[in-house]
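Since the structure comes first, as structure tokens, the remarks are kept for the end.
Every chain is numbered from 1 and lettered A, B, ... according to where its sequence line falls, protein lines coming before strand lines.
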Protein chains: 2
Amino acid sequence: MAEKPSGTENKGPRRARAPLQSAQERNGEPPLSLPRIVATAVDLLDAEGVDGLTMRRLADRLGAGAMSLYWHVENKEKVFDLALDSALQYPASPQVADTLDWREDVVRLLEDWRVCMLRHPWSASLLPRRALGPNILGRLELLSSTLSRAGVADADLNAAIWSLWNYVIGATITRANFDRTDDDRTAAQQRVTGLSERYPTIERSRLLLDSDWDGTFRKGLDFLIDGIATKRE
Amino acid sequence: MAEKPSGTENKGPRRARAPLQSAQERNGEPPLSLPRIVATAVDLLDAEGVDGLTMRRLADRLGAGAMSLYWHVENKEKVFDLALDSALQYPASPQVADTLDWREDVVRLLEDWRVCMLRHPWSASLLPRRALGPNILGRLELLSSTLSRAGVADADLNAAIWSLWNYVIGATITRANFDRTDDDRTAAQQRVTGLSERYPTIERSRLLLDSDWDGTFRKGLDFLIDGIATKRE
DNA sequence: TCATCAAATAGTACGGTGTACGAGTCACCA
DNA sequence: TGGTGACTCGTACACCGTACTATTTGATGA
């Protein structure tokens with residue numbers, strides 16, 4: 001009985017690759033492999049959203065049969081885990097934060113994180129309910145060490161980390177899911193306006209019309225960092 | 001052709017109710033109605049989670065055929081919308097916040113919000129991607145007016161509201177979805193420990209072992225409110 | 001060269017899903 | 001009495017994840 005490579009590092013098919021190096025583009029079908037599956041899953045998720053990822057469609061894109069995926073992957077769940085962590089890879093160097101200004105470091109760290117998740121709008125909602133992969137842990141580690149070096153008291157460190165995490169997650173999920181177009185926003189705000197005088201403050205501040213997501217994100221982040229800054233020792 | 005009552009207020013079945021007032025408990029089947037559907041959906045979601053809500057199961061619980069639901073409700077999506085807003089009702093008076101201390105008001109407001117969502121752990125993840133119902137808007141309005149009365153500058157008001165929203169949403173989603181049991185947490189932290197020295201800070205701070213969710217939530221909220229407080233005029 | 005064998009691929013099938021469609025049932029009114 | 005419109009529901013369809021089984025394939029040892 002063949003043994004699944006699940007749990008261990010997948011060593012890939014042992015089939016003889018065409019000696020012509022990497023460019024066997026349209027040479028029949030390139031073989032199924034975990035990296036290829038994950039990359040294709042990310043593409044599919046980007047293109048079709050969370051509901052668009054089905055094992056059959058994924059297999060189709062890979063030119064394979066649906067059940068073949070299960071040789072490389074335990075579950076559909078596992079595909080989500082792997083795609084998520086893959087989408088959250090650092091684009092470049094993992095050692096970004098090392099300026100003199102720790103505030104600026106934290107901001108850059110989290111803005112990059114957010115941008116990265118917004119590039120894959122399905123990722124933010126998935127993140128809190130999936131296992132923490134190495135890339136996600138890496139970002140958390142970087143955040144932790146930056147705060148620690150900045151002098152955040154040990155007693156406050158975890159609270160600071162989690163609060164920043166919570167903020168970024170919440171902001172990004174909200175951003176990625178809320179009504180995207182101007183029309184949607186106007187409609188929402190008009191619903192509030194029309195629905196009577198039950199929401200005067202929301203109406204006055206035009207809360208639902210606010211479209212400066214980036215600026216609002218930055219402002220809120222500043223609030224939070226300001227609060228954390230007062231707790232340094 | 002019969003016309004669906006969708007979009008308008010559902011006035012309920014016009015069938016003659018049994019004259020004996022409200023107690024027709026086990027009198028055959030009580031009629032399907034929007035409120036009953038929504039209430040049952042909340043129950044089902046509480047009991048079985050997001051994936052547990054199925055039109056067929058929901059109908060079963062109501063003693064009805066699956067397709068009968070569609071007379072009262074457009075979609076399964078609509079069921080989610082209604083269940084969500086229903087779950088976020090205020091338990092008691094909608095006018096809670098009116099103490100002298102605005103910070104305390106905001107904390108009470110958001111802690112109540114969080115507790116309410118945690119009572120229905122499916123609700124937090126759903127909230128950002130569904131339409132804002134009246135109860136949700138009510139909570140937002142209360143938050144807005146409290147902050148406004150506290151003297152938060154108009155230029156900062158929306159950012160303050162959204163940052164608090166983001167924080168609560170993020171914290172609650174994380175709390176509701178992360179590994180629940182002590183064992184899970186220890187396993188996660190041990191994965192970090194064992195996985196090498198790539199995550200020294202996380203390991204040292206025992207970030208993933210932290211189980212004081214309530215305290216951490218409150219601390220982070222204090223950070224944020226501290227930051228907002230400095231922006232008052 | 002060929003038999004062997006595990007790695008890898010794929011087809012079929014099963015029980016589940018949301019819901020379109022059309023056929024009922026029943027209270028009411030002309 | 002016959003219709004009308006509110007409401008219920010059985011059937012059917014396309015799609016889902018995946019268990020099970022059969023098949024192909026390439027490397028290896030004889």
| message | Nearest 0.5 angstrom please: A:Trp165 CH2 to A:Leu127 CG, how far? | response | 4.0 Å
| query | So does A:His72 get a side-chain nitrogen or oxygen closer than 4.0 Å to the phosphate oxygens (OP1/OP2) of C:dA7? | reply | no
| field | Nearest to side-chain heavy atoms of B:Asn75, which nucleotide of C:dT19, D:dC16, D:dT8 | value | C:dT19
| query | Rounded to whole angstrom units, what separation is found between the CG atom of B:Leu34 and the C1' atom of D:dA6? | reply | 15 Å
| request: Please work out if B:Ala59 contacts a base, only the sugar-phosphate, or nothing of the nucleic acid, heavy-atom cut-off 4.0 Å. | output: nothing
| query | So with a 6.0 Å cut-off around CZ of A:Arg206, is the heavy-atom count from everything else above 12? | reply | no
| query | With a 4.0 Å cut-off on heavy atoms, is B:Ala64 in touch with a base, just the backbone sugar-phosphate, or nothing at all? | reply | sugar-phosphate
| query | A:Tyr70 side chain: which of C:dT9, D:dT18, C:dA20 is closest? | reply | D:dT18
| request: Sort and list the pairs that fulfil salt bridge (Lys or Arg N to Asp or Glu O under 4.0 Å) and have at least one residue in residues 111-134 of chain B, not counting sequence neighbours. | output: B:Glu77-B:Arg130, B:Asp81-B:Arg130, B:Asp112-B:Arg139, B:Arg114-B:Asp214
| Which of these nucleotides, C:dT19, C:dT12, D:dA6, is closest to any side-chain atom of A:Met67? | C:dT12
| task | Please work out if B:Leu58 contacts a base, only the sugar-phosphate, or nothing of the nucleic acid, heavy-atom cut-off 4.0 Å. | result | nothing
| Length of the CG-P vector between A:Asp60 and C:dA10, whole Å | 11 Å
| said: Keeping B:Tyr199 on the side-chain end and B:Arg204 on the backbone end, is there a donor-acceptor pair under 3.5 Å? | reply: no
| field | Polar side-chain contact B:Arg56-C:dG18 base: donor and acceptor under 3.5 Å | value | yes
| Would you say D:dC7 has OP1 or OP2 under 4.0 Å from some side-chain N or O of B:Trp71? | yes
| note | Here the distance between atom C1' of D:dC9 and atom CD1 of B:Ile37, to the nearest Å, is 14 Å
| Does a nitrogen or oxygen in the side chain of A:Ser68 sit under 4.0 Å from OP1 or OP2 of C:dA10? | yes
| task | Could you tell me the separation between the CG atom of B:Asp51 and the P atom of D:dC16, rounded to a whole number of Å? | result | 16 Å
| Atom pair CG (A:Leu84) and CG (A:Leu126), whose distance is rounded to the nearest 0.5 Å | 5.5 Å
| field | Gap between atoms CG and C1', on A:Leu32 and D:dT25 respectively (whole Å) | value | 14 Å
| task | Round to the nearest Å and state the distance from A:Arg57 atom CZ to D:dA14 atom P. | result | 16 Å
| task | Would you mind reading off the distance between A:Lys76 atom NZ and D:dG17 atom P, rounded to a whole angstrom? | result | 4 Å
| Rounded to whole angstroms, how far apart are CG on B:Leu62 and P on D:dC7? | 16 Å
